[in-house]
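Note on naming: letters A, B, ... go to the chains in the order of the sequence lines (proteins, then strands), and numbering restarts at 1 for each one. Note that the structure is predicted; figures quoted are calculated from it, not measured.
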Number of protein chains: 2
Amino acid sequence: MSFTPPQKPAEYAESELLNAILDGTFPINSSLPSERDLADQLGVTRPTLREALQRLARDGWLDIQQGKSTRVRDYWQEGSLATLSALAASPHHQSPDFVAYLLEIRLLLAPTYTRQALEAASSQIAAFLKGADLRSGEPAAFAAFDWELHHKLTGYARNPIFQLLLNGFEELYAQMGRTYFSFEECRSESQKFYRRLLECAESCDLDRAENLLRQTMRGSLDLWLRLGGQA
Amino acid sequence: MSFTPPQKPAEYAESELLNAILDGTFPINSSLPSERDLADQLGVTRPTLREALQRLARDGWLDIQQGKSTRVRDYWQEGSLATLSALAASPHHQSPDFVAYLLEIRLLLAPTYTRQALEAASSQIAAFLKGADLRSGEPAAFAAFDWELHHKLTGYARNPIFQLLLNGFEELYAQMGRTYFSFEECRSESQKFYRRLLECAESCDLDRAENLLRQTMRGSLDLWLRLGGQA
DNA sequence: TATGATTAACATGTCAGACCTCTTACCACT
DNA sequence: AGTGGTAAGAGGTCTGACATGTTAATCATA
């Protein structure tokens, strides 16, 4: 049994605003009420509200300019990876298949960063893979392990942009991972993949690793497209 | 003749802090001074400082927890695309070749999003390319056009993640674009590319477009690796 | 001596209220 | 029609007080 702390006023304000943006109360390109009114409505003080607004603006949801009403940005066009997970989780958007889209991006990037990672640190990656403990069969454990693996791979890659980029997917990855790994077939396919990747890491076979990633990431996508309808 | 407005206190505080992080005054994993001290040192008030801190935290630079000193995060490992352009522009980091890294990522992503874009909107893309006016030969004009092209392509792509992802590169793209297009050879190669892409858009040849992007993006990377030493 | 409880110091989080600066619409004057 | 001034409404910042969370030190008890 665990308890969650009550939401702090700034957190509360931020999530209320975000919900209001996503549910269409404040649609794209609309103006928010004045900070004074909004703070009043939300039951927080203006400085507290402003902290929340600054955070939302930095993520790409809002455009704040002195002397003008704060505007809701077109978060599909002007958004960032920071807006992505909120969009993916929102019940107010006829959800595009975010799992498939994420897998598609991963298919494009993972072979290259894996190659670079093995080039730099194959024994460390092998050690990590050897330490894998997925006997519980819990989807959450698979999702966490998979994330950790890709995070490590991008961290070892020569191009630092891979990791910065992957970090932007952390929340979405966690959400989507639990869905994806809820299927037994997805879990067992992943276990095969980890074993094969371990072999590549131990033998330092870069070409084989790259191809393995390409096949496996494509396989994941195909598998999801087949199973996705049942989610 | 144009004037730039004076920096507002919150902006000033934010950029001073960011500089202090990047120049090692506040290194990774160090604690910042207390908000009260920091506000004093910076000559702004605490609420103002807090706004700046919230923004920096949301970008991935800081970890703020009530009751504990604010910590500088490992922005290489825990950072985001929002930290990327600051890192690329920082004189304090023995600069990895960010242009090459950016071009490498683009090589991986652009063929797919271009294909998807042409699938969805080839006449609009053709119209955009026809409207290209790069006669001035200015590097800035090339950089702006190239950005706009890729932004449009990602906007038309089926997978919305492409555009959200590209948005994270906007600042870096602008910085790097001016460097890349300062070379005449890069400019003329790009013009050729735009003409060929126009042909693909007009004939709706998806395979050819995808291959063109792959070759061109690889060509850009190779060209940069050759010329980059001279930058 | 070891452990648990309490307290104090220091940190961030929030509140209330006042004033400052920017934007925009409207009006008056040339 | 163009320009300048004013007022209203918006966001930006300041001052100062209080609330809540963390952690180390101290005290009490077994």
Does B:Pro9 or A:Lys8 map to a spot on DNA chain D nearer the 5' end, using the closest nucleotide for each? B:Pro9
5′-ward residue of the pair A:Leu49/B:Pro6 relative to DNA chain C: A:Leu49
Nearest-angstrom distance from the residue atom CD of A:Glu35 to P of C:dT23: 15 Å
Any pair with a residue in residues 107-130 of chain B that passes ring pair (Phe, Tyr, Trp, His ring centres under 6.0 Å), sequence neighbours left out, goes on the list, sorted by first then second residue, please. B:Tyr113-B:His150, B:Tyr113-B:Phe162, B:Phe128-B:Phe145
Interatomic distance where CZ belongs to B:Arg50 and C1' belongs to D:dC14 [whole Å]: 16 Å
Whole angstrom value for the distance that separates P of C:dT14 from OH of A:Tyr12: 13 Å
Between residues 58-69 of chain B and DNA chain C, which residues have a heavy-atom gap below 4.0 Å? B:Ile64, B:Gln65, B:Gln66, B:Gly67, B:Lys68, B:Ser69
Paired with B:Ile105, the side chain to side chain contact (heavy atoms under 4.5 Å, CB included) test is passed by just one of A:Leu108, A:Ile161, A:Thr112, namely A:Ile161
What verdict does the salt bridge (Lys or Arg N to Asp or Glu O under 4.0 Å) test give for B:Arg178 and B:Glu138, after you've listed the backbone C-alpha separation in whole Å, the side-chain angles of each residue and the deciding distance to 0.1 Å? CA-CA 9 Å; B:Arg178 287 189 290 271; B:Glu138 291 284 328; over 6 Å; no
Residue pairs passing the ring pair (Phe, Tyr, Trp, His ring centres under 6.0 Å) test with at least one member in residues 29-52 of chain B, sequence neighbours excluded, are none
Rounded to whole Å, please give me the gap between CG in B:Leu32 and P in C:dC10. 18 Å
Check the distance between C:dC15's P and A:Leu42's CG and give it to me in whole angstrom. 11 Å
What is the distance, to the nearest angstrom, from the CG atom on B:Asp40 to the P atom on D:dG16? 12 Å
CG-CG distance between A:Leu197 and A:Leu153, expressed to the nearest 0.5 angstrom: 6.5 Å
For a quick check, tell me whether the side chain of A:Arg36 and the base of D:dG11 share a donor-acceptor pair closer than 3.5 Å. yes
Taking atom CD of B:Glu171 as the centre, report whether more than 12 heavy atoms of other residues, nucleotides or ligands fall under 6.0 Å from it. no
Check the distance between C:dT14's P and A:Arg55's CZ and give it to me in whole angstrom. 8 Å
Atom CG of B:Leu53 to atom P of C:dA11: distance rounded to whole Å? 14 Å
Pick out which of A:Gln54, A:Arg55, A:Arg50, A:Glu14 makes a side-chain hydrogen bond (donor to acceptor under 3.5 Å, both in side chains) with B:Gln54. A:Arg55
Return no unless some side-chain N or O of B:Thr45 is found under 4.0 Å from OP1 or OP2 of D:dT15. no
Any N or O donor-acceptor pair under 3.5 Å from the base of D:dG12 to the side chain of A:Arg46? yes
